[in-house]
Amino acid sequence: MTERIPCKTEGCSATILPTTAAKTGGTCMPCHQEQERQKRQAYIEQHRRTVNLYEGLTDPVDILKVMHAPRKYDPLIQYVPYPLSREQVYVSLTAEEAGRMLKYALELLARAMRAKPTISYCR
């Protein structure tokens, strides 16, 4: 049977196989994973940038377009939220702006319908 060695992390009482020690530098896998998580978090905090997608926008329709646009999650980007909720922006729309928003929504819907093939069911 292979002799186990103690984890090098202070306060950890786990024992590990020599092969694990060789891979992790002498720490048990939970301690090694925690160290890697802390390194990643430190990197994210050091390199994170703040992005304001609403900077320079005054038109409520443009603001709503940005609010509804899908965003991919990126831990290195922190988005500045708009000071008003979507509901508050919608309530503030004039009749003309509401018409523009409706036209935009219909364009998106038409584009989505063209992009997706229709499904036919056979019976």
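For this chain, numbers begin at 1 and follow the sequence in order.
Screening Asp59, Leu57, Leu93 against Leu64 for a side-chain contact (heavy atoms from CB on, under 4.5 Å) leaves a single residue, Leu93. Applying the side-chain contact (heavy atoms from CB on, under 4.5 Å) test between Thr24 and each of Gln33, His32, Gln35 identifies His32 as the sole match.
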>> Please determine whether salt bridge (charged side-chain N to carboxylate O under 4.0 Å, His left out) holds for the pair Glu45 and Arg48, giving the CA-CA distance in whole Å, both sets of side-chain angles, and the decisive distance to 0.1 Å.
In response: CA-CA 5 Å; Glu45 289 174 11; Arg48 183 178 284 157; 5.9 Å; no

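At least one side-chain heavy atom of Leu76 sits less than 4.5 Å from a side-chain heavy atom of Ile44. Residues Arg71 and Ile77 are not in side-chain contact: their nearest non-hydrogen atoms beyond the backbone lie 4.5 Å or more apart.
Residues meeting the side chain to side chain donor-acceptor pair (under 3.5 Å) test with Glu87, sequence neighbours left out: Ser85. Not a single salt bridge (Lys or Arg N to Asp or Glu O under 4.0 Å) links Glu107 to another residue, sequence neighbours left out. With sequence neighbours excluded, the residues satisfying side chain to side chain donor-acceptor pair (under 3.5 Å) with Tyr90 are His68. Shown here are the side chain to side chain donor-acceptor pair (under 3.5 Å) partners of Arg111, two or more places apart in sequence or in another chain: there are none. For the ring pair (Phe, Tyr, Trp, His ring centres under 6.0 Å) test, residues two or more places apart in sequence or in another chain that qualify with Tyr43 are His47. Judged as a side chain to side chain donor-acceptor pair (under 3.5 Å), and not counting sequence neighbours, the contacts of Gln38 are Glu34.
The main-chain N or O of Met67 is found under 3.5 Å from a side-chain atom of Arg86 such that the two form a donor-acceptor pair.
Ser92 and Glu97 get closest at one heavy-atom pair: O-OE1, 4.1 Å. For the residue pair Tyr54 and Ile63, the shortest heavy atom distance occurs at CE2-O, 3.8 Å. Shown here for Cys7 and Thr27, the closest heavy-atom pair between the two residues is SG-CA, 3.6 Å.
The cluster map of Ile, Leu, Val, Met, Phe, Trp and Tyr, joined by side-chain heavy atoms under 4.5 Å apart, puts Tyr79 and Val66 in the same cluster. In this structure, Ile5 is not a member of the same hydrophobic cluster as Leu17, with clusters built from ILVMFWY side-chain heavy atoms closer than 4.5 Å. In the hydrophobic clustering of ILVMFWY residues, with side-chain heavy atoms under 4.5 Å counting as a link, Leu53 and Leu108 come out together.
Atom CD of Glu10 sits about 11.0 Å away from atom SG of Cys12, to the nearest 0.5 Å.
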